[in-house]
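What follows is a single structure, written as structure tokens, with notes after it.
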Amino acid sequence: MIRRPPRSTLFPYTTLFRSLPAQDCKATLKITSDINNVIILVDDSLAGSGDYVEVKIGKGEHKITALENSDRWDAQTFIDTITVTGCDVIKVDFNFIKKVFLDTDPQDAYVYSADSLIGYTPLLIPAYLKNIRLEKPGYRGLTINYSQIARHLPVKLKYIGKPGNGNFFDKALFKILAGSMVALGATTAFFKLKADNRYDEYRQSGDPSLLDQTNRLDLVSGITFVALQINFGLIIYFFLVD
């Protein structure tokens, strides 16, 4: 009989490999910002500077601090906390550039910075834009500064185009169409009620002449109702194109 050697003799390193602890992987933390002069701290230790910093961090909770490297009195600081549970890529973005709300009266004005169109009002614009120009066809161009925007009031644009024709609801055409619509509605209702009454009489008496009258009255009622719809459609049309 052939004796097999003990298992530990056949595989002398098995126990050794199993006893080695598995190395913990680390997550990749990618930090970006919208300005370049930023100092990044992770757990109060310097991790880097600039608009992009990448570091490896282990599992657990970590505090991220982004400091604007500026001597301005209103330099900003952001503090964020993340929890790492695996070996993933974690992205954190810090936005330092403040934006202010710009509105105009009337709206849909062109907003220019230097010679570049940046949008139409109402609009959020970066606070670092010190002077911007507003343009709108039919209105006088206007250059404003940050102090005017910071009031949070619509910037009034001066109209220099041709005077308008006035409000449609104040025009004689609207009054004529509205009056005729009321008249047509009343006429439609009158003939419809007359037709219903004649039909009730026909059902009671069976007189064929009453049925003929019912049909004629229904026809008139239908014609006036169509005219009513056309009249209402004209009001909507002139209102939209005014």
Side-chain angles (χ1 to χ4, degrees), residues 6-105 107-134 144-155:
R7 182 177 178 83
S8 59
T9 304
L10 289 173
F11 305 100
Y13 302 107
T14 302
T15 305
L16 175 62
F17 285 138
R18 289 180 178 177
S19 64
L20 289 175
Q23 294 183 350
D24 290 336
C25 63
K26 291 189 175 182
T28 301
L29 175 62
K30 296 182 178 181
I31 304 171
T32 58
S33 63
D34 55 356
I35 59 176
N36 187 54
N37 55 325
V38 180
I39 297 174
I40 303 296
L41 305 176
V42 177
D43 297 328
D44 297 326
S45 298
L46 180 64
S49 61
D51 57 2
Y52 178 78
V53 174
E54 181 175 322
V55 293
K56 298 286 186 180
I57 55 175
K59 295 180 180 179
E61 188 175 271
H62 300 274
K63 182 178 74 171
I64 305 171
T65 306
L67 305 171
E68 183 180 3
N69 188 17
S70 173
D71 56 0
R72 296 193 343 264
W73 67 269
D74 60 345
Q76 300 179 79
T77 299
F78 293 101
I79 299 176
D80 198 0
T81 302
I82 62 171
T83 301
V84 178
T85 58
C87 311
D88 302 326
V89 175
I90 302 174
K91 296 181 180 180
V92 179
D93 184 46
F94 293 105
N95 295 311
F96 284 83
I97 298 177
K98 292 181 179 178
K99 291 187 176 182
V100 292
F101 181 73
L102 171 62
D103 197 7
T104 57
D105 181 18
Q107 296 180 336
D108 295 322
Y110 299 88
V111 182
Y112 290 92
S113 174
D115 293 327
S116 300
L117 176 66
I118 60 176
Y120 308 88
T121 58
L123 179 70
L124 286 172
I125 64 172
Y128 65 78
L129 297 178
K130 301 304 180 184
N131 292 285
I132 60 174
R133 190 173 80 259
L134 302 174
I144 60 175
N145 55 40
Y146 176 77
S147 62
Q148 292 172 280
I149 305 172
R151 297 171 188 168
H152 303 293
L153 296 174
V155 178

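- The SG atom of C25 lies 8.5 Å from the CG atom of D88; values are rounded to the nearest 0.5 Å.
- Here I144 contributes atom CD1 and L134 contributes atom CG; the two are 4.5 Å apart, rounded to the nearest 0.5 Å.
- Residues D51 and D34 have side chains not in contact (no heavy-atom distance under 4.5 Å, counting atoms from C-beta outward).
- Scanning all heavy atoms of the two residues, the minimum distance from V53 to A47 falls at CG1-O, 3.5 Å.
- Distance check, rounded to the nearest 0.5 Å: CZ of F78 to CD of E68 gives 8.5 Å.
- Between G86 and A27, the closest heavy-atom pair is O-CB, 3.7 Å.
- A side chain to side chain contact (heavy atoms under 4.5 Å, CB included) with F94 is found for exactly one of I64, T77, T32, namely I64.
- Counting only heavy atoms from C-beta outward, the side chains of F96 and V38 approach each other to under 4.5 Å.
- Here the closest non-hydrogen pair linking S33 and G50 is OG-O, 3.9 Å.
- Partner of K63 under the side chain to side chain donor-acceptor pair (under 3.5 Å) criterion, chosen from T81, D43, D44: D44.
- T28 places a side-chain heavy atom less than 4.5 Å from the side chain of K56.
- Closest of all the heavy-atom pairs between S113 and I118 is CB-CG2, 4.1 Å.
- No side-chain heavy atom of V155 sits under 4.5 Å from any side-chain heavy atom of T121.
- With hydrogens and angles ignored, the 3.5 Å screen pairs a side-chain donor or acceptor of N37 with a backbone N or O of N69.
- Heavy-atom minimum distance, V55 versus V42: CG2-CG2, 4.3 Å.
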